[in-house]
Amino acid sequence: LELIIEKNTSIKNVGQFYGQLKEILSNGHDDITIDFKEVDSLDLSVITVIKATHKELKGKGKKLMMKNISDRLRGQLYLSGFNI
Amino acid sequence: MSDEIKDIFLVESKELLEKLESDIVRLEEGFDQELFNNVFRYVHTLKGSSGVAGYDLVYEYAHQLENLMDLVRSKTIDISEDIIDILLESLDWFKIAIFGEGEEVSYLKSIMETLLGRIGETIQTGSVNAAPEPSAERQKEKAGAKDTVAKAVETAFKQSGIEEDYNYFLIKAFFDENIYASGLDPLMVIEDLSSHGEIIYRKVDNSKLPPFSNLDPEKCYLGWELVLKSLKSYKDIMDTFLFVQDDNVIEVHDVTDRFISESGEYYSEEIKIGEILVNRGIISEAELEEAIKKQDEGNKKLGDIVVEQGYADEGEMELALKEQEQLRRRKEVNTVRVDTGRLDNLMNLLGEIVIGQSMLRKMADELEEESSFRLKNALYGLDRITREFQEQIMSIRMIPIGPTFEQFRRFVRDAAKSAGKEINFIIEGKETELDKTVIEKIGDPLKHMIRNAIDHGVEPAEKREKDGKPRIGTLSLKAYHQEGSVYIEVTDDGRGINLQKIKEKAVDLGYLKPEEEVAENKLYSFLFQPGFSTAEKVGDLSGRGVGMDVVMTNVKNLRGSIDVESQEGAGTTVRIKLPLTLAIIEGMLVRTGKSIYIIPLLSILESIQPNEEHVKTVEEKGEVVQVRGEYISLIRLNKLFHIKGDFEEPWEALVVLVESSGEKVGLMVDELLGQQQIVIKSLDNEVTSSRAVSGAAVLGDGNVALILDIHGLVGDLVNKHLQKQAV
C-alpha cells in the first residue's frame, strides 16, 4: 500500500495523519510505502508517527518503505534515527 | 600455527597483560564496573587470540577464569581481596605460560590446577551480593549516566577518527513530552545544531516511544545523545538551546580533551556488530543483551540470532556488517606496527644523508662563485626537508610514558604489602611522550627509585599517625615536558633525607673530610655513589647501597641527570631530566692534535685558558686547575688517547670545564671548533668498553669523531682518587 503524505502535514494535523495510518494498520495491510513527493520537510510529531509505524510493522515482520525523499527530509529522518 | 601469528600474539598479549595488570591493581583500590568490564574484556581477548595462536593451555585457563569473572560481573558474587589475588596470580601464570622459556607443560598445569581449585572454591564460597538490587530501570539509568560519555565518545571516535582543530561536544537533549504545545519543534533545534558542524555520533533514544496503538501523536517521546564535531565554541553550541533550556534536559559537554588524550586506547579496540546495530537504532540494548545471552548458549553468530529473532532484517544486518568491515579496514589502514629496528635503520640512513649534505657543503666552498652560490641554494632547500624528515621520524619514535608508569601499580602494591605499609600511588602526566628507547631503558631506574621511596621514604602507618601525618602515605610518579627535556619525578611524603647522616657516611667512606663544608646538592649526589647507604638495616627491598648508583649510571647512559629535593619529615622528590631523543645531541667539537672529539653540550660549564700558576698537582687528586678558588681535576685529552697535541701545557692550550653528578673536571684541548647537532653512531663493544667514549659521529668531511662520555670519565677519575686515598 502506498500513502502520500500531504503538503503541510505537521503537529497541527498530525492526529489526522496518525488516524490514517491507524486505519491502514488495522486493516492488516502488508508492507507500506510512504511517498514524500509533496513535502520537503516534516516536524518531529509526524516523524514520530512514522517511527512508531515502522516499529509496529517490523514487529509483524513487515516493511516500511519510503520514496521521493528530499535532501532536507533525508537529513531530518537521519537525525531522528532512521538509517536511510 | 605460523611464526607470524605467534609473533603477533606475543606482541599483542604483552600489551594486553600490561593493561590487565594495571586495571586489576586499580580495581583493588576501589571497585568500578567499567574497570572490571575492561579486565573481563582483556581476559576474553587473550582467550580468543591464544586459541588462534595455538596456546591451548592459556585458552583453557582464560575460559575458566572468565567463569569466575562472569559471576562478579553479574553481581552474583562480590569482588573480594581473594578474587583480586586470584586475578593477579592468574596474570602471573599467563606471563609464564606465554613468555616463559621452555617451562614444562606439567609445571604450568600444576600451577593452573592450584589456581583452578581456588577459583572453584571462591565460586562456591564467594559472598553473595545481599544488598537489595535496585530496580532494573534505575540500575540501567545509573549505569547509563556513568557510561554515556565514554561510550558515545569512544564510538564516535572509532567511527570518524579525530581532527585536531575541531572541538567535540557531547550533547544530550531530552525534551518534555508536551513541548509541541509551546510551539517548539525539537527536530528544528537538532537540525540547527547539526548546521554547526558534523554529527559524528547519533543515538536517538526511543525507549519511551509506546506501541503504535497507544501513541499520542501530540506528545514528544524522543531524546538524543549526539557527538558534534565543530569549529564553534561551547557558548555557540549552548546558544542553540536558548529557547528550550527550561523544562527540558539539555546537557552540553566539551569532550575535546577526551578525544585527544584517549584516542590511542579507543582506536585499538575492535568495533562490535552489536554496538553498530544499537548505534544505528536498528535494535535496542535490551534486544542486544537478549541476543548475546542466546549466543552464549549456542554456537551461532550474533548477527544470525538478531535476524532469527526478528530484531533486524537481513538488509539492515548487511548494512551493519558493511559498516563494520569499513571500520576494520580504516583501522588497518590507519595503524601499522613497525619494527623499531626499521626506524633505527631509517634514522641511520638519514644520518648518512646529513653527512652527504655536509660533504656537498664543503665542496661548494671550493667551487667558483656562481656554481658555489647555486649549489648552496639547492642545499639550503635540502636542509629544510632533511630537518623536517628527521622530525617526522623522531615523532614516530615518540610514545607516551603511560603504559610504563601503569606497570608500577602492581609493583607498588606488592612492595608496600611486603613492607607492611599503606601507600596511595598517584600517576600524573601519562600522556607525556618520549623516545621509545628512552622509555625502554627508564623502567629499571624508576623501579629502584620507587623501591627506595617505599622502603626508606614512606613511614609505617603507626609512625605516620604518631607524627600527625595521614595514615596512608602518598607516592607519586609524574612526567612532564619542559624546555625541550622530559622530567620524571618520584615523590613521597615520607620521612625525607637526613643530610647529617649523609655527611657522616661520606666522611666514613672517605668522600669528605670531617671539617669540609659542602653544598646540599653535593651531599645528595653521594647517594648515587656505589655502596653508599645510610640505611641502618638491610631490608628485602633495599638498603644494601646497591641501586641508586645503578640508577645514576642508567640515567647518565640516557644522557640524563638527576637531582634531589628533600625536607626532613615532609618527603623527598627525585627528579630525572632526560633528553627527548637519544639519536641526536648538541655537541661541541674540540680538536686535540689531528683528532676531533665531541663533548655533549649539556655537560659543558665553560672553557678557560688557565694561568700557569693555577695549574698544580695536589695529593690524592693529581693534576688540578684552580678556578675561582676551586681545585678541579684536569684530564689531558692527548694523554688519555695517546696522541700528540699541538701544546704540551694547559696554560698554552684551552681547558673545557665539564660536570657530571656534581663533580667537575677540566679537559685540556688544543682548539674549540664550534657546536653542531650530531647524529650519534653506536660503536661496537670493543671500542665502547672504554668508559671515556660513548659513541661516534661522522663529520662533514667524512672523518669520524669520538663522542666523549663525561659521566664515564668523571666516574673513572673519582674511583682513581678513592683508590689513592685508600692506599
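Below, chains carry the letters A, B, ... as their sequence lines are ordered, and counting in each starts from 1.
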> Can you name the residues that form a side chain to side chain donor-acceptor pair (under 3.5 Å) with B/Asp304, not counting sequence neighbours?
Replying inline: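 None.
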Taking donor and acceptor roles from the modelled atom types, list the N and O pairs under 3.5 Å across chain B and chain A.
from: B/Tyr180; atom 1: OH; to: A/Ser45; atom 2: N; distance (Å): 3.3
from: B/Asp185; atom 1: OD1; to: A/Leu44; atom 2: N; distance (Å): 3.2
from: B/Glu191; atom 1: OE1; to: A/Arg72; atom 2: NH2; distance (Å): 3.0
from: B/Glu191; atom 1: OE1; to: A/Gln76; atom 2: NE2; distance (Å): 3.1
from: B/Glu191; atom 1: OE2; to: A/Arg72; atom 2: NE; distance (Å): 2.7
from: B/Arg202; atom 1: NH1; to: A/Tyr78; atom 2: O; distance (Å): 2.5
from: B/Arg202; atom 1: NH1; to: A/Phe82; atom 2: O; distance (Å): 3.2
from: B/Arg202; atom 1: NH2; to: A/Asn83; atom 2: OD1; distance (Å): 3.0
from: B/Leu209; atom 1: O; to: A/Lys55; atom 2: NZ; distance (Å): 3.3
from: B/Phe212; atom 1: O; to: A/Tyr18; atom 2: OH; distance (Å): 2.6
from: B/Ser213; atom 1: O; to: A/Tyr18; atom 2: OH; distance (Å): 3.4
from: B/Leu215; atom 1: O; to: A/Tyr18; atom 2: OH; distance (Å): 3.4
from: B/Trp224; atom 1: NE1; to: A/Leu79; atom 2: O; distance (Å): 2.6
from: B/Arg280; atom 1: O; to: A/Asn83; atom 2: ND2; distance (Å): 2.2
from: B/Ile282; atom 1: O; to: A/Lys58; atom 2: NZ; distance (Å): 2.6
from: B/Tyr311; atom 1: O; to: A/Lys58; atom 2: NZ; distance (Å): 2.9

> Taking B/Pro217 as the fixed residue, which of A/Val49, A/Val46, A/Ile11 is the one that meets the side chain to side chain contact (heavy atoms under 4.5 Å, CB included) rule?
Replying inline: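 Looking at A/Val49, A/Val46, A/Ile11, the match for B/Pro217 under the side chain to side chain contact (heavy atoms under 4.5 Å, CB included) is A/Val49.
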> Can you name the nearest heavy-atom pair linking B/Val204 to A/Leu79, along with the distance?
Replying inline: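 Shortest heavy-atom separation between B/Val204 and A/Leu79 comes out as CG2-O, 3.3 Å.
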>> Could you measure the distance from the CZ atom of B/Phe175 to the CG atom of A/Leu44? Nearest 0.5 Å is fine.
In response: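 Answer for the CZ-CG pair, B/Phe175 versus A/Leu44, is 8.5 Å.
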>> Can you tell me which portion of A/Leu42 sits under 4.5 Å from chain B's heavy atoms? Options are side chain, backbone, both or neither.
In response: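 Just the backbone, heavy atoms under 4.5 Å.
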> Contact part of B/Leu222 toward chain A, heavy-atom cut-off under 4.5 Å: side chain, backbone, both or neither?
Replying inline: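 Contact with chain A involves the side chain of B/Leu222 alone.
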